[in-house]
Structure formats: structure tokens, C-alpha cells
J.: 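Could you have a look at this structure, given as C-alpha cells, before my questions?
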Amino acid sequence: MKTGGLDIRCVRGLLPAVLLLGLLSGCDQVGDPVKPDVITIEAKLDDLFAPPTAAEVEAIRADWARRDISAAEVTIELTESYPLRETPATLRIVSHRVGEILHYGAILAPDSAAPGSLPILMYLHGGDSGVEVDEIGIVLFALGELRDNFVYVIPSFRSEPLEYEDREWVSTGPGGHWDYDVDDALALLNVALELTPQAKIENLSFVGGSRGAGVALLAGIRDERIENIVAFFGPTDFFDDWVREIAREATMGSPRDLTGVAHIDTTFIQPYMRDEIDLAEVRLELVRRSSVLFAEDLPAVQLHHGDADETVVVSQAHSLIRAMEALGREPPEFEAFIYEGGGHEFFSLRGAIPRAVDFLRRTLGGELALVATTASR
């Protein structure tokens, strides 16, 4: 039997090992055909991960243009002092509506800043277990003397909690990994601009890690007000072979314990494999999560990724690097740092945090920092 022009046989190495385990029982000798269900799975994956078309990309642009991210039914849930070291500042926990969804976020602003004087810096978290307000501490620590120069905005994601001290506020709705995460973040941005006199609309910056990095890149594509993005080890390309392998494993009943996999598997992959959802619809779900397909719309980006990352593999960074190079995007508009031996945590990327701070300093009118495309650990 042939698929994709290749003979599919019971020969170790012709199919990934994950397909050989538990599926080829009864295949006693070289030359016997692989079970039809295995062939079907590979054929369906071939269709799903075929290169995206221009029409598919434009369909997602049109969908995004119809999304309503206005600030609706805004409520201040909590107001409390939250000093930035010696600088008095105020923390607000806010709720607002995004369509039918009740969403929560945090806004932190220095008290003494003049109206309209500070750019917003939004922090987008990784994982799918919610976010604690105190996670902003790593950003404040990294910024050092620059910490008083921003209004900080921290969104939660749908179905997940925003936590502060012993309290939590859980955003409603089903998870919307990467896609509707962006809607909620942009709506919260509008809330912050509405509620925070110190905030200005210029020089908006988004900083994210892992899932949050993917959200930051997609937000920068969708909202031209965002001028700067610092992205740490995030997904960029859902048509990458790495994603295909994750989908294959999920199809075989062994989904990886990674952020977003359970959501995408149960919502899209399994229904597609059971012919309960159209191929075209599932492909659009991959397109709308792939910032690499919309690279021409990205603002200034600084990208950080370790080549030993086993959570989000470095091929995701390389996909975006290739796309930006093809567009002629160079420093300071686009910088990419690949860290030898670096893993899926900030402090394993030696020198990444100072580089990110340098990048953000430029948005405040600081001197240009040394830029490079590759860094060794």
C-alpha cells in the first residue's frame, strides 16, 4: 500500500516509533502491510499539516477583524497599595466583559506619575494554571531602576484564576489557548487605558514566556498600538513537525503533558480524527495560532529561546527567524537570541534578561544596546 508516494510496510523506521508500539501486533514479517487505521491516521495528519494557504491566512485576518475587544461592564474588584520598592503604587483588580465572558486582570501603576506619562507593559504568563499578581515581581526585579517607568497590566486567561494573597478571581468560559487569550488581553489593555490616568497609548510593550510569548506575538499582529514584544520560548508555528508529532501522540492516546495540548486535543484533534469536525475548520485553528504566518504585521520583537528546550522546541524560534529574515527585518526591529544549552526557564538563558531590559529601555528613549542574533550560554 502506498501513501504520499511511499510504500508503508512493517519495517522499523518507516513510521515513527510511537506508531509501532501497540499497533503492529499481528504483523509478523517484513512485507506485511501496516494496519489500515495507522495509514488513515498518517493520511489525516498529512492533510491537517499541509502548508497553509493564502486564503486560509486571509480568512483568519477577517475573523480577527470581527472580534469585539472593547472594554465592557468594567468593575474595580479591589484597590490596594502595592509599592514598587520605595515608590508608592496602587494595585487594582478589575473585571470586564469580553462578549459573554467575564474576565479578570490586574493593573499596577505608580501613584506619583503625571497623567499620560507612562507606557503600559503587559505581562503574559505561561502554563494553564492561572497567574499570581506577584509574578510581576520578576519583571520588576529585572527592570531595576526602570521599574517606575511603566504601568503594569496582568491578564488571566479563560477558565483560570488570577490570584493575589489569599484571594482569587476565576475568569469564566472554556479555555481559549492562544486564540481567545489574545481577545482577553487586548480587552484588558483597553480597560487599563480607560482606568489609569498615568497610562499613555504610545510605546505599548508586551512581555511573555511560553504560552504568554505566543499570546504576545499574536496580540502584536492584531493590534497596531503594540510597539514592542519580548518573547521567551513561545510557540510560533503550529504547522511545524514538532506540533505534528504532538498531534500524532495525542491521536494514539498518549497526549503530552504540555500547556494547551489537552485543550487542542479534545476540542479539535480527536473530533477531526473521528470525522466530527471538518478538516478546513481544524486547519484554521492552527493558522490562527501561528504568528509566523502573519510575521509582516509584527511590531518590534526580541526573541529568546534555548536550543535544549524540551517543552517548546527551538524549531519554533527558527520558524519565526526565517520568516522575519525573508521580510528583511533586522535589529533593532527584530532580534533573535538562541542560547546554547538553554532550557524552558528564564534563568537558563544566560544574558537574556539584561538584553530584554535593554530592549525595553529603548522604548523609553535610552541608548541602543548591543544586538546580536546568536548568544552562547
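Because the structure is a prediction, the values reported are computed rather than measured. We use all heavy atoms of the structure for the numbers below, so side chains are in, but hydrogens, waters and symmetry mates are not.
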J.: Using the ring-ring contact (aromatic ring centres under 6.0 Å, His included) criterion, which residues pair with His177? Sequence neighbours excluded.
T.: His263

J.: More than 12 heavy atoms of other residues, nucleotides or ligands under 6.0 Å from CD of Glu276: is that the case?
T.: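 It does: Glu276 CD has more than 12 such atoms within range.
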
J.: Which residues satisfy the side chain to side chain contact (heavy atoms under 4.5 Å, CB included) test with Ile138, sequence neighbours excluded?
T.: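 For Ile138, the residues satisfying side chain to side chain contact (heavy atoms under 4.5 Å, CB included) (neighbours in sequence not counted) are Phe346, Phe347.
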
J.: Quick check against the 3.5 Å criterion: does Thr196 have a side-chain atom that pairs as donor or acceptor with the backbone of Leu193?
T.: no

J.: Mind jotting down which residue pairs meet the salt bridge (charged side-chain N to carboxylate O under 4.0 Å, His left out) criterion with at least one end in residues 134-156? Sequence neighbours excluded, please.
T.: none

J.: Let me confirm one number: the CG-OH distance from Leu140 to Tyr82, rounded to the nearest 0.5 Å.
T.: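 Reported to 0.5 Å precision, the distance equals 6.5 Å.
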
J.: Rounded to the nearest 0.5 Å, what's the gap from CD1 on Ile221 to CZ on Arg288? Could you check?
T.: 13.0 Å

J.: Among residues at least two apart in sequence or on other chains, which ones pass side chain to side chain donor-acceptor pair (under 3.5 Å) with Arg329?
T.: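 For Arg329 there are no side chain to side chain donor-acceptor pair (under 3.5 Å) partners, ignoring immediate neighbours.
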
J.: With a 3.5 Å distance limit and no angle check, can you tell me whether Glu325 reaches the backbone of Leu320 through a side-chain donor-acceptor pair?
T.: no

J.: Verify the neighbour count for atom CZ of Arg274: are there more than 12 heavy atoms of other residues, nucleotides or ligands below 6.0 Å?
T.: yes

J.: So, do Leu143 and Leu121 sit near enough that their side-chain heavy atoms are less than 4.5 Å apart?
T.: yes

J.: So, using side chain to side chain donor-acceptor pair (under 3.5 Å) as the criterion, who are the partners of His305 when residues are at least two apart?
T.: none

J.: Look at the side-chain heavy atoms of Ile, Leu, Val, Met, Phe, Trp and Tyr, link any pair under 4.5 Å apart, and say whether Leu102 and Val131 land in one connected group.
T.: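 Leu102 clusters together with Val131.
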
J.: To the nearest 0.5 Å, what is the distance between CG on Leu279 and CG on Asp47?
T.: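 Reported to 0.5 Å precision, the distance equals 5.5 Å.
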
J.: For Asn228, which residues count as a side chain to side chain contact (heavy atoms under 4.5 Å, CB included) partner, sequence neighbours excluded?
T.: Ser205, Ala300, Phe359, Thr363

J.: Considering all heavy atoms of both residues, which atom of Val312 and which atom of Pro235 are nearest to each other, and what is their separation?
T.: CG1-N, 4.0 Å

J.: Take the angle between the ring planes of His96 and His103 and call it parallel below 30°, perpendicular above 60°, tilted in between.
T.: perpendicular

J.: Under 4.5 Å between side-chain heavy atoms, counting indirect links through other Ile/Leu/Val/Met/Phe/Trp/Tyr residues: same cluster for Ile154 and Leu78 or not?
T.: yes

J.: Is it the case that the side chain of Ser156 and the backbone of Ser171 share a donor-acceptor pair, with hydrogens and angles ignored and the cut-off at 3.5 Å?
T.: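 No, the answer is negative, given that no donor and acceptor are paired below the 3.5 Å cut-off.
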
J.: If you measure from CH2 on Trp169 to OG on Ser95, what distance do you get to the nearest 0.5 Å?
T.: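 Going from CH2 on Trp169 over to OG on Ser95, the span is 10.5 Å.
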
J.: Tell me yes or no: between the side chains of Ser291 and Thr236, is some donor less than 3.5 Å from an acceptor?
T.: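 There is no such pair between these side chains.
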
J.: Can you list the residues that meet the ring-ring contact (aromatic ring centres under 6.0 Å, His included) rule with Phe294, with sequence neighbours excluded?
T.: Trp64

J.: Whether the side chain of Ser117 engages the backbone of Ala113 through a donor-acceptor N/O pair (distance < 3.5 Å, no angle test) should be reported.
T.: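 No, Ser117 side chain to Ala113 backbone: no donor-acceptor pair under 3.5 Å.
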
J.: Would you check, one step at a time, whether the test side chain to side chain donor-acceptor pair (under 3.5 Å) holds for Tyr272 with Glu281?
T.: CA-CA 9 Å; Tyr272 165 64; Glu281 183 176 347; over 6 Å; no

J.: Could you list all the salt bridge (charged side-chain N to carboxylate O under 4.0 Å, His left out) pairs where at least one residue sits in residues 204-222, not counting sequence neighbours?
T.: Glu160-Arg211, Asp181-Arg211, Asp183-Arg222

J.: Let's go through Glu249 and Ser254 carefully: what are the C-alpha distance in whole Å and the side-chain angles of both, what is the deciding distance for side chain to side chain donor-acceptor pair (under 3.5 Å) to 0.1 Å, and is it a yes or a no?
T.: CA-CA 5 Å; Glu249 292 172 359; Ser254 300; over 6 Å; no

J.: What distance do Ile353 atom CD1 and Asp358 atom CG have between them, rounded to the nearest 0.5 Å?
T.: 13.0 Å

J.: Please find the pair of heavy atoms, one from Ala219 and one from Ile226, that lie closest to each other, and give the distance.
T.: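 Answer, listing the atom of Ala219 first, then Ile226: O-CD1, 3.4 Å.
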
J.: Could you walk me through whether Arg67 and Asp179 satisfy the salt bridge (charged side-chain N to carboxylate O under 4.0 Å, His left out) test, starting with their C-alpha distance in whole Å, then the side-chain angles of each, then the deciding distance to 0.1 Å, before giving a yes or no?
T.: CA-CA 11 Å; Arg67 301 274 183 96; Asp179 181 30; 3.1 Å; yes

J.: Go through the steps to decide whether Lys44 and Asp37 satisfy the test salt bridge (charged side-chain N to carboxylate O under 4.0 Å, His left out), and finish with yes or no.
T.: CA-CA 10 Å; Lys44 290 177 78 72; Asp37 57 345; over 6 Å; no

J.: Any salt bridge (charged side-chain N to carboxylate O under 4.0 Å, His left out) involving residues 107-128? Give me the pairs, sequence neighbours left out, ordered by first then second residue.
T.: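 Qualifying pairs, neighbours excluded: none.
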
J.: Quick check against the 3.5 Å criterion: does Asp240 have a side-chain atom that pairs as donor or acceptor with the backbone of Asp237?
T.: no

J.: Does Gln302 use its side chain to pair, donor to acceptor, with the backbone of Ala356 at less than 3.5 Å?
T.: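 At least one qualifying donor-acceptor pair exists.
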
J.: Closest approach of Glu168 and Pro161, non-hydrogen atoms and distance?
T.: OE1-CB, 3.8 Å

J.: Is the CD atom of Glu202 crowded by more than 12 outside heavy atoms at less than 6.0 Å?
T.: yes

J.: Measure from NZ or CZ of Arg244 to the centre of the six-membered ring of Phe238 and say whether it is under 6.0 Å with the direction within 45° of the ring axis.
T.: no

J.: If you measure from the Lys or Arg side-chain nitrogens to the Asp or Glu carboxylate oxygens, is any gap between Arg248 and Glu42 under 4.0 Å?
T.: yes

J.: With hydrophobic residues grouped by side-chain heavy-atom distances under 4.5 Å, do Val301 and Ile338 end up in a single group?
T.: yes

J.: Does Gly343 offer a backbone N or O that forms a donor-acceptor pair with the side chain of Ser348 under 3.5 Å?
T.: yes

J.: Tell me every residue that passes side chain to side chain contact (heavy atoms under 4.5 Å, CB included) with Ser70, counting only those two or more places apart in sequence or in another chain.
T.: Asp68

J.: Quick one: side chain to side chain donor-acceptor pair (under 3.5 Å) partners of Arg322, sequence neighbours excluded?
T.: Ser319

J.: Could you check whether any side-chain N or O of Arg283 sits under 3.5 Å from a backbone N or O of Leu48, counting only pairs where one atom can act as donor and the other as acceptor?
T.: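 Confirmed, Arg283 side chain pairs with Leu48 backbone.
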
J.: Step by step, work out the side chain to side chain donor-acceptor pair (under 3.5 Å) result for Gln316 and His318.
T.: CA-CA 5 Å; Gln316 292 288 299; His318 287 306; over 6 Å; no

J.: Looking at Ala213 and Gly234, what are the two nearest heavy atoms and their distance?
T.: CB-CA, 3.7 Å

J.: Using side chain to side chain donor-acceptor pair (under 3.5 Å) as the criterion, list what pairs up with Lys200, not counting sequence neighbours.
T.: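 Not a single residue meets the side chain to side chain donor-acceptor pair (under 3.5 Å) criterion with Lys200.
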
J.: Given side chain to side chain donor-acceptor pair (under 3.5 Å), test Arg225 with Asn190 step by step and report yes or no.
T.: CA-CA 11 Å; Arg225 296 174 300 177; Asn190 290 326; 2.8 Å; yes

J.: Got a sec: does the CD of Glu224 have more than 12 other heavy atoms crowding it under 6.0 Å?
T.: no

J.: Would a single hydrophobic cluster contain both Tyr180 and Leu162, if residues Ile, Leu, Val, Met, Phe, Trp and Tyr are joined by side-chain heavy-atom contacts under 4.5 Å?
T.: no

J.: Could you check if a side-chain atom of Glu56 sits within less than 4.5 angstrom of a side-chain atom of Leu284, using non-hydrogen atoms only?
T.: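 Of all side-chain heavy-atom pairs linking Leu284 with Glu56, at least one is under 4.5 Å.
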
J.: Taking the side chain as every heavy atom from C-beta outward, state whether Pro332 and Arg362 have any pair of such atoms under 4.5 Å apart.
T.: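 Counting from C-beta outward, Pro332 and Arg362 do come under 4.5 Å.
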
J.: Do Thr311 and Phe233 have side-chain heavy atoms sitting under 4.5 Å apart?
T.: no

